[in-house]
Amino acid sequence: MSDTAPTKSKHFLETIIEEDLASNKHEGRVVTRFPPEPNGYLHVGHARSIWVNFGLAQQYGGVCNLRFDDTNPEKESQEFIDAIQEDVRWLGYEWNGDARYASSYFDKLYEWALHLIREGKAYVCELSAEQASEYRGWATKPGKDSPYRERSVEENLELFEKMRAGGFDEGAASLRAKIDMASPNMNLRDPILYRIRKVEHHQTGDKWCIYPSYDFAHGQEDAIEGVTHSICTLEFQSHRALYDWFVENLPVPARPTQYEMGRLNLNYTVTSKRKLKQLVDENHVAGWDDPRMPTISGMRRRGFTPNSLKSFCEMIPVSAKNNSDVDVAQLEKAIRDDLNEQAPRAMCVMNPLKVTVINIDEADSGLEMKAANHPNKPELGERVIPFSETLYIDKADFNEDNTLSRKKFKRLVSGEYVRLRSAYIIKSEEVIKDDAGEIIELKVSLVPGTVGENVEGVKPRGVIHWVSAENGVKATIRDYDRLFSDPNPDAGEGDFLAHINPNSLKEYEGVVEPALAAAKPEDSFQFEREGYFVADRFDHAADKLVFNKTIGLRDVWSGK
RNA sequence: UGGGGUAUCGCCAAGCGGUAAGGCAACGGGUUUUGAUCCCGUCAUGCGGAGGUUCGAAUCCUCCUACCCCAGCCA
């Protein structure tokens with residue numbers, strides 16, 4: 001193996017896991033977890049987190065848990081839980097055992113809160129949220145102790161029980177860890193462990209009216225599940241001290257470690273759950289799974305494949321240092337590559353212009369054209385495309401002006417030749433216009449002997465796609481573009497909604513070749529010269545064809 | 001101006017004292033019945049700035065500068 005091929009360099013998590021495996025830190029176990037809060041749909045960023053956590057477990061013979069971090073019932077719902085599971089499965093990952101819930105550890109967490117109280121390390125504080133904020137101090141100013149900080153263990157036990165039993169109003173009391181109000185790390189200034197929320201929980205019903213905070217729950221959940229490598233994003237770095245504090249001060253069954261990695265941002269899109277929710281709630285899009293949404297379900301409906309999302313993740317290095325602002329072109333590259341390999345080719349005319357072949361009787365190769373389903377993969381077979389006296393080509397593929405240079409316009413112009421893809425070469429003979437001067441029809445002649453052949457003296461300017469008007473099938477084409485026209489819709493003071501691209505969805509009533517009538521929802525095709533399209537997951541039916549544009553073909557010419 | 005982080009090509013990023021990987025984008029050229037794919041080539045004397053140590057520094061030291069995170073009873 002004297003290969004000169006560049007080897008993909010290991011990222012920091014792989015290095016850490018390999019070191020841990022080598023030192024037998026966790027008896028050879030690798031347990032990761034993907035811990036979404038069920039308060040929204042998963043997006044690209046989550047896709048990467050899923051890929052990292054499940055991928056690492058797979059790579060090192062470990063397992064990955066799916067755990068719903070459902071400690072805040074106010075924002076969560078079963079709808080999101082169901083959607084999240086569907087997304088993870090669709091990506092092709094299988095979690096270890098049943099899905100877990102932070103809420104199923106509430107009893108244990110409560111017991112551990114009691115433990116901290118008994119150790120004198122937690123107390124019930126009756127400062128209001130505003131007061132607590134004042135007491136917390138400022139970044140450059142140490143906080144001061146809560147007047148409730150020195151209550152006796154007995155009193156705290158009693159008061160915490162009162163909290164649990166609903167004896168306090170929301171906000172009237174909280175359980176806090178007694179750490180250090182002067183700590184330079186704000187997270188250590190007596191953080192909240194439990195707060196009162198008199199709302200029903202989607203999993204535990206009305207059993208609880210106090211709920212643990214993220215900080216008090218997450219590390220302990222990891223410990224309970226035997227998670228060895230708890231991977232989160234950079235903004236939790238300053239929480240690591242707290243994570244460790246709980247794990248050190250509680251009789252937890254294991255010692256997990258938190259590692260932080262950079263978040264993934266994409267330009268021309270927003271990936272904050274709050275903003276995605278706003279787009280849905282205010283009907284700027286048709287729902288969480290609108291094909292313009294960067295949600296997993298949206299991308300799925302747009303025609304992205306699990307493989308394309310995974311290869312996208314592989315393209316983006318995992319970094320411990322920065323949140324990365326990745327160019328959407330990178331994502332587009334991933335889906336184009338996958339679909340270029342997989343998608344059968346077909347023809348679709350989005351803006352039909354009628355074409356009449358005046359010498360159809362000279363069709364010496366017959367009227368059944370054969371076309372390969374994939375130009376580079378003969379094993380994918382071929383299909384028959386009916387040719388006929390009347391056809392459709394795209395309006396954009398004809399121009400009356402025959403002074404256009406052959407280099408600049410490789411399509412049909414008056415009096416010249418063009419090749420119809422997989423069929424005859426035709427010559428434009430006559431242009432028919434309506435009263436308004438609009439071109440409504442073309443009369444053309446076909447050149448005999450040009451199916452699969454070239455003939456001396458006939459030089460088509462290019463190759464264009466077409467569909468038989470007599471056999472083609474009507475189809476609705478949804479042409480999606482980026483939802484935002486600004487590379488960074490989040491930037492600045494302005495409202496991100498102001499950057500919504502008004503042309504992110506264009507609908508066409510087009511015509512597709514008859515073979516496409518058999519397309520099933522979620523089947524992908526390359527409509528030649530146009531791009532990749534997918535039969536809509538929900539709206540496409542045998543008697544009502546609906547195709548969504550996943551992504552256009554790479555186009556190095558239109559911009560020039 | 002507290003604490004925690006980060007600064008390497010337009011974007012992402014490797015590099016861990018021995019003379020700047022790779023991907024995306026971009027730009028040339030070749031093949032082509034998709035202006036696609038594919039192929040071939042170009043793209044940081046430079047690593048936030050200024051000093052210093054060293055035969056040698058993106059890597060070590062010093063001092064600057066910029067940006068991100070933490071002041072929810074959100075995660």
Side-chain angles (χ1 to χ4, degrees), chain A residues 6-11 35-37 39 69 71-72 74-75 125 127-129 132-134 136-143 170-176 182-189 191-197 210-211 213-215 217-218 232-241 260 262 264 267 273-274 314-327 329-334 336-337 340-341 345 347 371 374-376 407-411 419-423 425 450-454 460 462-465 526-531 552-558 560:
Chain A
T7 75
K8 196 164 165 35
S9 50
K10 237 175 277 179
H11 66 246
E37 183 189 12
N39 65 347
D69 215 355
T71 56
N72 184 6
E74 285 177 316
K75 297 178 177 171
C125 180
L127 248 24
S128 69
S133 174
E134 276 175 47
R136 192 155 28 234
W138 189 246
T140 54
K141 187 181 89 188
E170 280 192 17
S174 66
L175 185 72
R176 298 228 254 162
S183 172
N185 181 346
M186 298 295 291
N187 297 299
L188 261 22
R189 318 250 263 226
I192 300 288
L193 270 37
Y194 269 92
R195 73 287 208 187
I196 298 167
R197 283 293 110 88
I210 56 172
Y211 293 96
S213 64
Y214 165 84
D215 285 312
H218 207 92
C232 62
T233 41
L234 254 25
E235 66 269 28
F236 290 100
Q237 262 168 165
S238 60
H239 290 249
R240 192 172 58 235
E260 309 89 17
L264 170 70
N267 60 10
K273 274 194 199 169
R274 203 205 96 230
E314 274 154 26
M315 284 163 61
I316 309 301
V318 172
S319 166
K321 302 173 180 175
N322 295 301
N323 290 326
S324 49
D325 297 315
V326 172
D327 194 334
Q330 198 110 248
L331 217 207
E332 296 173 349
K333 160 78 175 168
R336 275 197 196 101
D337 280 355
N340 177 49
E341 271 302 300
R345 315 283 118 135
M347 291 197 283
H374 191 117
N376 312 321
K407 198 111 184 147
K408 278 203 158 144
F409 196 75
K410 306 170 112 171
R411 310 177 184 191
R419 158 141 253 140
L420 293 181
R421 175 73 165 155
S422 303
I425 288 174
T450 54
V451 175
E453 307 286 341
N454 287 313
V463 180
I464 64 172
H465 55 98
Q526 184 199 94
F527 290 167
E528 292 195 81
R529 301 210 313 133
E530 293 288 359
L553 253 25
R554 183 161 166 267
D555 179 3
V556 295
W557 145 88
S558 70
K560 292 183 180 176

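Small disclaimer: the values here were computed from a predicted structure and weren't measured. Note on naming: letters A, B, ... go to the chains in the order of the sequence lines (proteins, then strands), and numbering restarts at 1 for each one.
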S.K.: Output the rounded distance in Å from CG (N267(A)) to P (A25(B)).
M.R.: 13 Å
S.K.: Partner of A26(B) by Watson-Crick or G-U wobble geometry, both contacts under 3.5 Å, or none?
M.R.: U42(B)
S.K.: Have a look at S422(A) and say if it touches a base, only the backbone sugar-phosphate, or nothing, with a 4.0 Å heavy-atom cut-off.
M.R.: base
S.K.: Please list, chain by chain and in numerical order, all residues satisfying ring-ring contact (aromatic ring centres under 6.0 Å, His included) with F409(A), sequence neighbours excluded.
M.R.: none
S.K.: Polar atoms only, N or O, under 3.5 Å: list the protein pairs with nucleotides 36-40 of chain B and their distances.
M.R.:
from, atom 1, to, atom 2, distance (Å)
U37(B), OP1, R554(A), NH1, 3.3
U37(B), OP2, R554(A), NH1, 3.1
U37(B), O2', N340(A), ND2, 2.8

S.K.: At 4.0 Å (heavy atoms only), tell me whether Q330(A) reaches a base, stays on the sugar-phosphate, or touches nothing.
M.R.: base
S.K.: Return the value, rounded to whole Å, for the distance between atom NZ of K141(A) and atom P of U1(B).
M.R.: 19 Å
S.K.: Are R136(A) and G72(B) close enough that a side-chain N or O sits under 4.0 Å from OP1 or OP2?
M.R.: yes
S.K.: For H239(A), what residues pass the ring-ring contact (aromatic ring centres under 6.0 Å, His included) criterion, not counting sequence neighbours?
M.R.: F236(A)
S.K.: May I have the distance from N185(A) (atom CG) to G3(B) (atom P), rounded to whole angstrom?
M.R.: 11 Å
S.K.: Compare the minimum distances between each of U34(B), A75(B), A13(B) and the side chain of E528(A), then state the nucleotide with the smallest one.
M.R.: U34(B)
S.K.: Using a 90° cut-off around 0 for syn, call G72(B) syn or anti.
M.R.: syn
S.K.: Would you please confirm or rule out a distance under 4.0 Å between OP1 or OP2 of G72(B) and any side-chain N or O of S213(A)?
M.R.: no
S.K.: State whether the side chain of D215(A) and the backbone N or O of I192(A) hold a donor-acceptor pair below 3.5 Å, judged by distance alone.
M.R.: no
S.K.: Round to a whole Å and report the spacing from CD of E134(A) to P of C73(B).
M.R.: 13 Å
